[in-house]
Amino acid sequence: MRVAAYARVSTKKKEQLDSLENQTRFFEEYAKSRGYTLVAVYSDEKSGRSIQKREGFQQLLADGEKKLFDVVLFRDATRLARNTVDSLQSFRKLIECGITLHFINIGFTATRENEFQLTLLSAVSQGEGDAISSRARFGYVQSAKQGRVPT
């Protein structure tokens, strides 16, 4: 089976770039252990909020239209997108090309028949992103009130 994988980090901090390398290595080992042909690992160093500016993800979609792979591997649902609409639009675009999405951490393969479950996963991912942003904003406001410069 021909697989592609998608890895993403949210910042350009060195630790995050190491994470990107670790994710790539994980996908290589995962594919090899299952006898899959890993066609490519697409990656981005951008926020998960929107897919429009993620060049690696856009290339994955373009290569999907060329049918260069059969399945896209994601470590977890938050790597796809933290926006339900973006997730579903991307999913539908890939499904139209005969490509399925597999989320390794939960053992879930998204197909045309289980789009509803993917919608739920995407909504949870979006909620998680919203909660992280809310907590960060709260911390910044509290620091500022105490006269500290938020980091």
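The figures here come from the full heavy-atom set of this structure, side chains too, leaving out hydrogens, waters and symmetry mates. Model, not experiment: these values are computed from the prediction.
- Shown here are the side chain to side chain contact (heavy atoms under 4.5 Å, CB included) partners of Lys32, two or more places apart in sequence or in another chain: there are none.
- When every heavy atom of Gly64 is checked against every heavy atom of Cys97, the shortest pair comes out as O-CB, 3.5 Å.
- For the residue pair Leu20 and Ala7, the shortest heavy atom distance occurs at CD1-CB, 3.7 Å.
- In this structure, CG in Leu61 is found 10.5 Å from CD in Gln89, a value given to the nearest 0.5 Å.
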Kindly determine whether Ile104 and Phe26 satisfy side-chain contact (heavy atoms from CB on, under 4.5 Å), including the steps that lead there. CA-CA 11 Å; Ile104 295 168; Phe26 167 79; 3.7 Å; yes
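- In this structure, Val71 and Leu73 have side chains that are in contact, with non-hydrogen atoms separated by less than 4.5 Å.
- A donor-acceptor distance shorter than 3.5 angstrom exists from the side chain of Arg2 to the backbone of Lys67, with no hydrogens or angles considered.
- Of the residues Phe108, Phe74, Tyr30, the one that meets the side chain to side chain contact (heavy atoms under 4.5 Å, CB included) test with His102 is Tyr30.
- Under the side-chain hydrogen bond (donor to acceptor under 3.5 Å, both in side chains) rule, Tyr6 has a single partner from Arg75, Gln23, Arg54, which is Arg54.
- Salt bridge present: Lys93 and Glu65 bring a charged side-chain N and a carboxylate O closer than 4.0 Å.
- Within the 4.5 Å cutoff, side-chain heavy atoms of Lys66 are placed close to those of Asp63.
- Counting heavy atoms from C-beta on, the side chains of Leu101 and Leu94 come closer than 4.5 Å.
- Phe57 is not listed as a side-chain neighbour of Tyr42, based on a closest heavy-atom distance of 4.5 Å or more.
- Within the model, atoms CD of Glu55 and OG of Ser43 stand 10.5 Å from one another, a figure rounded to the nearest 0.5 Å.
- Rounding to the nearest 0.5 angstrom, the gap separating the CD1 atom in Ile95 from the OG atom in Ser90 is 11.5 Å.
- For Arg8 and Asp44, the salt-bridge test fails: no basic side-chain N is under 4.0 Å from an acidic carboxylate O.
- Among the candidates Leu38, Val72, Ile99, the single residue satisfying the side chain to side chain contact (heavy atoms under 4.5 Å, CB included) test with Val3 is Leu38.
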